[in-house]
Amino acid sequence: MNFTDMNLSPEINRAISDLGYEEATPIQAKAIPEALTGRDIIGQAQTGTGKTCAFAIPVLERINPEDKHVQALILCPTRELALQVAGEFRKLSKYMHDVKLLPVYGGQDIVKQIRSLKQGVQIVVGTPGRIMDHMRRKTIRCEHIAQVVLDEADEMLDMGFRDDIETILSQVPEDRQTMLFSATMPQPIRELAAHYQHDAENIRIAKKELTVENIEQYYHEVRRDRKDEILSRVLDVYNPELTIIFCNTKMKTQEVANELSERGYFAEGLHGDLKQNQRDAVMDNFRNGKTDILVATDVAARGIDVSGVDLVVNYDLPQDDEYYVHRIGRTGRAGKSGLAISFVTGREIYKLKEIMRYCHTKIKLKPVPSLDDVTNTRVNYVFDRLEEIMQEEDLSKMSELIEDKVNESDYTSLDVASAFLKMYLNSKMGGSSEEATDDEYDDEVSGGKVRLFINVGKKDHVKPGDILGAVAGEAKIPGKLVGEIKMYDKFTFVEVPAEYGENVLHAMKHAKIKGKKVNIEPAKKERH
């Protein structure tokens with residue numbers, strides 16, 4: 001169904017055209033015509049299906065612009081989702097100049113919200129707690145409210161908002177229109193709908209429509225105690241720009257985020273124990289690239305819309321089959337391909353088969369990346385460096401010298417190139433080292449390994465895999481011999497076998513990591 005077939009107002013049709021929307025998504029095609037009649041709606045659809053438009057368009061169509069009282073309440077579980085929904089309403093109402101909207105949520109100055117409400121607002125989008133505050137203060141009056149929308153209803157219940165929701169619904173007029181949207185339909189949601197809705201139209205996206213396209217889906221069979229190690233290998237082999245890792249509990253989410261950070265990755269956790277300002281900071285860091293990896297629970301990740309996610313990892317398999325679709329749908333957006341990898345432990349294989357049946361999809365077994373896989377991937381660093389030189393440097397004089405050598409001998413140009421590559425990898429390069437600017441350390445050798453200091457760190461957007469690739473590639477040692485890599489903001493420690501220490505120091509003298517010339521020297525113990 002096209003939006004032009006829905007008999008919408010010219011103002012909304014114009015806004016929809018500006019947004020580039022033409023054909024309605026399944027949830028929109030089914031929900032909008034019913035909602036325009038004023039009928040109660042129960043809509044089941046996951047994030048990314050366009051459900052916000054499915055209720056925003058009918059809400060806007062039924063607003064009386066001449067009435068300056070609050071006429072519609074949109075309840076959302078989090079501040080972030082409330083702001084996203086408010087943003088969608090604003091885009092759709094850009095030509096409805098007499099319709100005013102206000103987002104309200106905790107953490108924002110309530111006095112400013114009260115001032116805006118007094119000036120006249122027809123639509124309020126907010127979190128249940130803050131809406132309750134305004135109702136108690138009489139700054140939101142219920143007499144004129146004709147529409148209530150519960151967005152992400154299952155998450156609001158999970159977050160403990162049931163009492164607030166019931167209080168709000170009991171105070172607004174009974175002849176209102178109530179629209180409830182939820183990704184899942186557990187028993188508490190059905191009870192809420194039965195009690196507060198009348199003759200609701202049930203709209204559910206068929207399971208086959210839940211299947212996510214353009215996403216490669218694999219699973220690794222892993223032991224529970226090796227998940228962190230395997231996770232690091234996955235990240236190093238695929239080297240994604242942005243990754244979301246899903247865990248089933250708040251505690252495990254933070255544990256995994258901490259473990260990754262200790263291993264030198266730019267990772268942060270997102271879960272219900274964080275305060276709102278902490279959640280905002282984590283999401284800002286992920287959106288602007290300061291954090292590469294977001295470790296999240298299902299509830300905390302709901303409503304997040306970040307483009308460019310290359311990889312989704314199910315560190316834990318989800319308890320609910322539907323959540324698998326919601327999780328992996330974070331990647332492969334806007335027609336781009338994506339990758340989803342699930343860790344399966346022991347008898348969880350039966351759970352995975354349930355997920356495959358539910359999603360009508362095939363999740364293929366893939367061997368766990370080996371240390372050699374990681375090494376081979378990172379050794380490509382050497383060839384990347386060569387490519388940089390070929391693209392950026394004038395090699396005409398070098399070409400003449402090689403041509404002269406080829407002409408006066410029985411060697412081919414390939415022989416010469418191969419010899420140069422071997423010499424480059426094995427050579428012990430001289431040259432002066434730059435002074436380290438960080439704290440002084442004393443030489444430390446333990447367990448047959450030497451610890452080296454490198455003057456690049458997290459703030460240089462360097463990953464452990466970059467360090468591994470540089471050390472293994474420049475010094476031509478197997479990547480599996482490189483030990484612990486511990487990254488800080490401005491510098492990194494890396495362990496190598498003691499017998500390779502001098503070789504690594506010399507080989508790395510003129511090395512670059514992420515385009516930056518590095519200084520490497522024996523590490524020293526921190527002075528107290």
Side-chain angles (χ1 to χ4, degrees), residues 46-48 76-87 103 105-108 126-127 129-130 151-152 155-156 158-161 183 227-228 231-232 234-235 239-316 318 323 326-331 333 338 340 457-464 487-490:
Q46 78 274 22
T47 299
C76 302
T78 64
R79 166 189 175 178
E80 180 168 58
L81 188 59
L83 288 171
Q84 285 185 23
V85 169
Y105 45 82
Q108 186 189 47
T127 51
R130 181 50 63 97
D151 190 18
E152 305 285 12
E155 183 180 347
M156 285 196 284
D158 286 343
M159 295 176 71
F161 287 132
K227 281 188 176 183
D228 291 335
L231 180 59
S232 294
V234 166
L235 294 169
N239 196 28
E241 290 291 325
L242 290 177
T243 303
I244 300 181
I245 299 167
F246 284 97
C247 301
N248 287 346
T249 66
K250 293 180 285 188
M251 182 179 294
K252 179 55 69 175
T253 295
Q254 196 57 53
E255 286 177 4
V256 172
N258 292 343
E259 177 67 24
L260 288 172
S261 295
E262 289 174 7
R263 289 174 181 243
Y265 300 92
F266 305 114
E268 289 189 280
L270 186 71
H271 51 78
D273 283 347
L274 298 180
K275 295 178 181 177
Q276 186 60 56
N277 63 334
Q278 293 174 308
R279 289 166 59 95
D280 291 343
V282 169
M283 282 309 306
D284 286 345
N285 288 340
F286 190 58
R287 283 198 179 94
N288 62 31
K290 290 183 180 179
T291 300
D292 300 326
I293 302 166
L294 189 67
V295 189
T297 57
D298 291 292
V299 169
R302 192 77 62 79
I304 292 172
D305 187 9
V306 178
S307 60
V309 175
D310 306 300
L311 172 66
V312 168
V313 178
N314 291 307
Y315 185 96
D316 297 322
Y323 283 146
H326 306 157
R327 288 178 176 189
I328 71 169
R330 305 291 173 181
T331 185
R333 291 192 171 186
K458 295 180 180 179
K459 287 190 174 179
D460 300 297
H461 298 288
V462 173
K463 299 179 182 179
M487 300 190 75
Y488 296 87
D489 283 346
K490 296 181 180 178

Checklist entry - Please walk me through it: do N258 and E262 pass side chain to side chain donor-acceptor pair (under 3.5 Å)? => result CA-CA 6 Å; N258 292 343; E262 289 174 7; over 6 Å; no

Item to check | T253/D273 under side-chain contact (heavy atoms from CB on, under 4.5 Å): CA gap, chis, key distance, verdict | outcome: CA-CA 11 Å; T253 295; D273 283 347; over 6 Å; no

Checklist entry - Between E268 and F286, does a side-chain contact (heavy atoms from CB on, under 4.5 Å) hold up when you go through it step by step? => result CA-CA 8 Å; E268 289 189 280; F286 190 58; over 6 Å; no

Checklist entry - How close do H271 and Q254 get, heavy atom to heavy atom, and via which atoms? => result NE2-OE1, 2.7 Å

Checklist entry - Run the side-chain contact (heavy atoms from CB on, under 4.5 Å) check on F266 and N285 step by step: do they pass? => result CA-CA 10 Å; F266 305 114; N285 288 340; over 6 Å; no

Checklist entry - Minimum heavy-atom separation for D310 to E241, with atom names? => result OD2-N, 2.8 Å

Next on the checklist: I need the minimum non-hydrogen distance between D298 and F246, along with the two atoms involved.
Outcome noted: OD1-CD2, 4.1 Å

Item to check | Closest approach of F161 to G129 (non-hydrogen atoms, all atoms of both residues) | outcome: CE2-N, 4.4 Å

Next on the checklist: Could you check whether D280 and Q276, counting side-chain N and O atoms only, form a donor-acceptor pair closer than 3.5 Å?
Outcome noted: yes

Checklist entry - So L231 and Y315, side-chain contact (heavy atoms from CB on, under 4.5 Å) or not? Walk me through it. => result CA-CA 8 Å; L231 180 59; Y315 185 96; 4.0 Å; yes

Next on the checklist: Is it the case that the side chain of T127 and the backbone of T78 share a donor-acceptor pair, with hydrogens and angles ignored and the cut-off at 3.5 Å?
Outcome noted: no

Checklist outcome for this item: Rounded to the nearest 0.5 Å, the CG atom of N248 sits from the OH atom of Y323 at a distance of 10.5 Å

Checklist outcome for this item: Residues passing the side chain to side chain contact (heavy atoms under 4.5 Å, CB included) test with L83, sequence neighbours excluded, are R79, P103, Y105

Next on the checklist: Tell me whether D460 contacts the main-chain N or O of G457 through its side chain, where contact means a donor paired with an acceptor under 3.5 Å.
Outcome noted: yes

Checklist entry - Do side-chain atoms of T331 reach the backbone of V309 as a donor and acceptor pair under 3.5 angstrom? => result yes

Checklist entry - If you look at every heavy atom in C76 and V85, which pair is closest and at what distance? => result SG-CG2, 4.0 Å

Item to check | Separation of I293 CD1 from T243 OG1 (nearest 0.5 Å) | outcome: 5.5 Å

Next on the checklist: Tell me every residue that passes salt bridge (Lys or Arg N to Asp or Glu O under 4.0 Å) with K458, counting only those two or more places apart in sequence or in another chain.
Outcome noted: none

Checklist entry - Can you name the closest pair of heavy atoms from G269 and A257 and give their distance? => result N-CB, 3.6 Å

